[in-house]
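Let me begin by presenting the structure, written as structure tokens, before commenting on it.
The first residue in the sequence is number 1, and the count goes up from there.
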Amino acid sequence: MSLPSADRGVGIYTNPVLDADWSDPDVLRVGDDYHLTASSFGRAPGLPLLHSRDLVNWTLVGHALERLEPAAEFCAPAHDRGVWAPSLRHHDDRFWIFWGDPDHGIYQVNAPAFRGPWTRPHLVKAGKGLIDPCPLWDEESGEAYLVHAWARSRSGVKNRLTGHRMRPDGTEVLDEGKVIVDADRIPGWFTLEGPKLYRHDGWFWILAPAGGVGTGWQGAFRARGFFGPYEHRVVLEQKDTDVNGPHQGGWVRTRHGEDWFLHFQQRGAYGRVVHLQPMRWERAEGWPVIGDDGAPVAAHRKPALPPQPPAAPATDDDFPGGRYGRQWQWTANPRDGWATQHSGDGLRLTCVRSQACGDLRALPHVLTQRLPGRPCAVETELRLDSPEAGARAGLAVLGDAYTWIGLRREEDGTVRLVHRFAEQEAGGERDAGHARPAPAGRVRLRVEVGAGARCRFSYDLGDGFRPSGQVFAATPWRWVGALLGLFACAPAGPGHAGTAGFTRFRVTAP
């Protein structure tokens with residue numbers, strides 16, 4: 001199951017169409033199917049694969065990246081690093097995803113079908129600060145090109161786009177690159193990034209945002225030749241709407257010739273939610289017009305495509321056979337034994353021994369999914385089966401600051417219900433609520449997420465739900481929205497420390 005979709009069922013959709021942190025989306029049509037991928041940063045598996053038949057109702061069908069590489073760099077959490085702003089393309093009967101790792105360079109994977117199998121990551125261009133790459137195979141000339149942006153935090157350079165000729169097999173660039181758009185030369189423009197490269201009507205087009213993720217606008221650039229010179233225009237901006245940004249995304253054309261644009265909006269703890277905008281091309285000058293004459297729409301007629309049943313990426317999980325659904329990602333590259341398969345239902349997490357057990361932000365074995373962008377209630381059942389003093393497991397709302405509620409084994413062998421939190425950038429946890437005996441070693445846990453991602457925690461030890469602690473305002477990481485997490489851990493030491501079991505994970509509308 002999942003939360004309600006954006007489909008209103010009367011030929012109308014409302015934005016956002018993906019109401020959670022599907023950051024930096026890119027979209028592609030192949031036949032009658034629409035495909036989307038997004039940034040996954042330091043979580044694994046990465047590069048989510050979403051599918052739709054109408055651009056409104058989306059399902060998560062898998063991931064293209066099983067593990068991040070270089071693997072040694074991602075054995076510990078790297079929440080804001082890793083996979084930045086991928087581009088999704090189809091060429092030579094294969095799907096291609098290119099992305100920039102700001103610390104290592106530009107990678108690509110490819111596959112004969114969208115669901116895979118995908119190749120292992122191939123490093124196309126090494127370097128620091130190379131981000132937001134997008135390839136183009138030009139059918140008119142037979143040439144292949146690559147454009148990318150720059151991260152000043154790694155390279156000292158930003159606000160410009162660099163273009164390369166590329167080998168047609170996508171394995172390497174063929175030149176040193178040339179700055180094809182220098183936005184320092186455009187009055188008032190800053191932080192130009194996220195380019196998406198297209199051919200249309202005899203022009204090379206680059207759709208790219210500028211002005212910052214929470215305050216900027218969407219630009220369009222065009223030139224007769226790939227290396228320029230490019231002219232530009234602002235084609236989507238906030239105007240008098242409540243859609244701040246609006247930021248980078250991708251253009252897609254339906255089989256019947258309708259044009260649409262998917263982009264993100266930064267929404268604090270909810271991350272970067274995805275909007276769908278109508279798009280058309282001016283007849284007189286040939287520029288794209290996105291949204292309602294350049295302003296984002298809140299609701300609109302659905303694309304003229306066959307009706308589809310309402311759908312949204314799954315959130316609920318019964319963990320059949322101990323397996324977890326596609327919506328879950330670890331906070332680093334996973335290792336064998338973190339989750340154990342078995343004959344029944346329910347997630348069985350190993351209480352992994354760690355010196356970082358007192359700070360969830362440093363644990364690689366937290367199993368997470370995106371925080372929904374609308375009010376909801378999250379509920380699960382927990383049983384702590386570890387005999388180890390200090391072992392703990394629980395349900396977390398995880399970000400630069402976090403809180404969790406769950407069970408802990410005490411020195412005297414008893415199990416207690418505990419509620420803990422850590423402030424932003426603080427080194428250790430503190431109590432968020434009063435500890436209570438949990439004689440059966442079991443508890444039902446609940447967090448109600450209201451407006452502004454304000455979270456109220458409660459627990460049920462067998463006599464009904466009771467509130468715990470103060471309201472907690474979820475916080476994002478620098479580039480990543482807050483996450484829902486399940487974890488189990490134990491203090492460092494020798495030997496196996498037991499397990500914790502989670503059953504019936506549910507996310508429901510209030």
Side-chain angles (χ1 to χ4, degrees), residues 1-7 13 16-41 43-68 83 85-91 93-99 108-121 249-250 252 254-255 260 262 264 271-274 276 303 305-321 323-330 334 339 367-370 372-373 483-484 505 507:
M1 299 293 292
S2 60
L3 289 174
S5 80
D7 191 339
Y13 73 90
V17 292
L18 285 166
D19 200 0
D21 187 24
W22 303 95
S23 179
D24 312 312
D26 196 19
V27 63
L28 173 73
R29 178 182 67 84
V30 177
D32 293 323
D33 295 290
Y34 297 88
H35 308 287
L36 183 146
T37 192
S39 295
S40 50
F41 298 96
R43 303 192 302 279
L47 290 172
L49 304 173
L50 291 94
H51 172 260
S52 177
R53 298 298 294 270
D54 64 0
L55 292 170
V56 173
N57 295 287
W58 292 90
T59 56
L60 177 65
V61 299
H63 291 82
L65 186 63
E66 183 178 349
R67 301 172 68 84
L68 288 87
V83 177
S87 292
L88 174 63
R89 294 292 183 264
H90 191 257
H91 167 70
D93 293 326
R94 297 187 72 84
F95 290 86
W96 302 77
I97 301 177
F98 284 66
W99 75 94
Q108 60 95 341
V109 292
N110 58 87
F114 187 60
R115 294 177 188 240
W118 290 82
T119 61
R120 286 189 61 177
V252 65
T254 71
R255 188 187 290 276
W260 297 87
L262 281 149
F264 79 74
R272 300 171 178 184
V273 303
V274 178
L276 176 66
L305 294 166
Q308 303 296 318
T315 55
D316 295 357
D317 208 340
D318 286 323
F319 310 107
R323 297 179 296 273
Y324 46 86
R326 298 185 181 100
Q327 68 268 32
W328 297 98
Q329 297 169 289
W330 299 100
L367 192 61
T368 67
Q369 63 168 280
R370 293 160 179 83
L483 300 165
L484 299 173
F505 187 93
V507 180

Given side chains that start at C-beta, do those of F95 and V30 come closer than 4.5 Å, heavy atoms only?
->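 In contact.
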Nearest heavy-atom pair of A111 and G116: which atoms, and what distance?
->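 Where A111 meets G116 most closely, the heavy atoms are CB-CA, 4.1 Å.
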Minimal non-hydrogen separation, L36 against P25, with atom names =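 Closest heavy-atom pair between L36 and P25: CD1-CB, 4.1 Å.
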Will you find, in the side chains of W328 and D317, an N or O donor that is under 3.5 Å from an N or O acceptor?
->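 Present: a donor and an acceptor within the cut-off.
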Would you compute the distance between atom [atom1] of [X] and atom [atom2] of [Y] and round it to the nearest 0.5 angstrom?
X    : Y    : atom1 : atom2 : result
L60  : Q327 : CG    : CD    : 7.5 Å
Q308 : T59  : CD    : OG1   : 10.0 Å
L484 : T368 : CG    : OG1   : 8.5 Å

Residue pair D21, S23: steps toward the side-chain hydrogen bond (donor to acceptor under 3.5 Å, both in side chains) verdict = CA-CA 5 Å; D21 187 24; S23 179; 4.6 Å; no
Ring centre gap for W260 and Y34 strictly below 6.0 Å |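 No; Y34 has its ring centre 6.0 Å or more from that of W260.
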Within the 6.0 Å centroid threshold, strictly below: Y324 and F319 =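 Ring centroids of Y324 and F319 are no less than 6.0 Å from each other.
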Listed partners of R53 passing salt bridge (charged side-chain N to carboxylate O under 4.0 Å, His left out), at least two apart =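 Only D33 meet the salt bridge (charged side-chain N to carboxylate O under 4.0 Å, His left out) criterion with R53.
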Validate the cation-pi geometry between R370 and W22: distance from NZ or CZ to the six-membered ring centre under 6.0 Å, angle to the ring axis within 45°.
->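 Yes, R370 and W22 form such a contact.
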R29 atom CZ, over 12 foreign heavy atoms within 6.0 Å =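 Result for CZ/R29: enclosed.
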How would you list, by chain and number, every residue that makes a side-chain hydrogen bond (donor to acceptor under 3.5 Å, both in side chains) with H90, sequence neighbours excluded?
->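 Counting only residues at least two positions away or on another chain, H90 forms no side-chain hydrogen bond (donor to acceptor under 3.5 Å, both in side chains).
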Aromatic rings H51 and H35: how do their planes relate, parallel, tilted or perpendicular, breaks at 30° and 60°?
->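 Rings of H51 and H35: tilted, 30 to 60°.
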Would you say S52's side chain and D54's backbone share a donor-acceptor pair under 3.5 angstrom?
->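 Side chain of S52 to backbone of D54: a pair is present.
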